[in-house]
Amino acid sequence: MFDWVVSTIESWGYLGVLMLMVAENVFPPIPSEVIMPLAGFLAGGGRLSLTLTIVVGTIGSVLGTLVWYYVGLWFGEERLKRFAARHGRLLTLSPSDIDAAHEWFQRHGTMAVFFGRMVPAARTLISVPAGLARMPMWKFLLYTTLGSALWTGVLAFAGLVLHENYALVADWVDPLSKLVVVAVVAVYLYRVVTWKPH
């Protein structure tokens with residue numbers, strides 16, 4: 001996994017970072033906790049600019065969240081819940097998940113969008129209730145961008161630090177990145193298998 005993500009970013013550069021981050025937010029095949037540290041790792045070797053890496057990663061994250069914002073906006077709560085009840089297995093999304101996300105958003109408002117960008121799984125789902133609540137686009141973009149920039153910045157900087165100490169942790173990097181992806185896939189498959197029609 002380490003080699004594949006690194007080769008994707010090396011081959012495509014900033015566009016690779018952008019595409020991976022968009023994909024991670026639309027349907028998380030690879031978590032940003034793997035993508036951005038490895039992008040920061042490459043920045044540490046001088047192949048990318050750390051600042052541009054964070055900017056591009058943030059843009060990719062925001063673009064991915066917009067997809068789910070518009071899903072909430074266009075579908076509406078009732079249609080989305082009917083869709084989740086009928087076809088939610090592959091998305092591992094149930095009507096109760098939509099209710100829970102909506103209630104959480106109603107309680108925490110804009111801060112839910114900001115802090116939700118830093119929580120795995122929530123970073124995708126939190127955009128839906130924002131769309132359902134018809135949160136003003138400027139406000140959604142502002143808090144999403146701030147939260148995404150902070151999170152991608154922390155992850156990319158961690159990758160930069162990793163590069164500077166690579167000799168000390170080289171034997172751990174690939175197994176750990178694989179472990180993160182395996183854990184994400186395992187949770188996804190568990191949710192698919194245990195998903196029940198509503």
statement: To the nearest 0.5 Å, atom OG1 of Thr110 lies from atom NZ of Lys139 at 6.0 Å
- request: Give a yes or no on whether the backbone of Val62 and the side-chain of Thr65 come within a donor-acceptor separation of less than 3.5 Å.
  value: yes
- prompt: Heavy-atom distance under 4.5 Å between the side chains of Met21 and Thr58, does that happen here?
  reply: no
query: Looking at residues at least two apart in the chain, or sitting in another chain, which of them share a side-chain contact (heavy atoms from CB on, under 4.5 Å) with Ala156?
result: Met36, Leu50, Ile54
- prompt: Among all residues two or more places apart in sequence or in another chain, which pass the salt bridge (charged side-chain N to carboxylate O under 4.0 Å, His left out) test with Arg47?
  reply: Glu10
- prompt: Which atoms form the tightest heavy-atom contact between Pro136 and Tyr69, and what is the distance?
  reply: C-OH, 4.3 Å
field: Non-hydrogen atoms of Ser49 and Tyr14 that approach each other most closely
entry: N-OH, 2.8 Å
task: Mind checking the CD-CG spacing from Glu24 to Leu20? Nearest 0.5 Å is all I need.
output: 9.5 Å
task: Show the numbers, then the answer: is there a side chain to side chain contact (heavy atoms under 4.5 Å, CB included) between Phe157 and Val154?
output: CA-CA 5 Å; Phe157 185 74; Val154 167; 6.0 Å; no
- request: Identify the heavy atoms of Ala130 and Val113 that sit nearest to each other, and give their distance.
  value: CB-CG2, 4.4 Å
- request: Output all residues satisfying ring pair (Phe, Tyr, Trp, His ring centres under 6.0 Å) with Trp138, sequence neighbours left out; order by chain, then residue number.
  value: none
- request: With sequence neighbours excluded, give me every side-chain hydrogen bond (donor to acceptor under 3.5 Å, both in side chains) pair touching residues 140-150.
  value: Ser61-Ser148, Arg117-Ser148
query: If you measure from CG on Leu48 to CD1 on Ile9, what distance do you get to the nearest 0.5 Å?
result: 7.0 Å
statement: Sequence neighbours excluded, the answer for side-chain contact (heavy atoms from CB on, under 4.5 Å) partners of Val71 is Trp68, Phe75, Leu80
Distance (rounded to the nearest 0.5 Å) between Leu142 CG and Met137 CE: 12.5 Å
message: Taking side chain to side chain donor-acceptor pair (under 3.5 Å) as the definition, give me every residue that meets it alongside Thr53, ordered by chain and number, with sequence neighbours left out.
response: none
message: Rounded at 0.5 Å granularity, tell me how far CG in Asn25 sits from CG in Leu63.
response: 9.5 Å
- request: Mind checking the CG-CG spacing from Leu141 to Leu146? Nearest 0.5 Å is all I need.
  value: 10.5 Å
- request: Would you sort out whether Ser127 and Phe140 count as a side chain to side chain contact (heavy atoms under 4.5 Å, CB included), showing the intermediate values?
  value: CA-CA 8 Å; Ser127 302; Phe140 175 77; 3.7 Å; yes
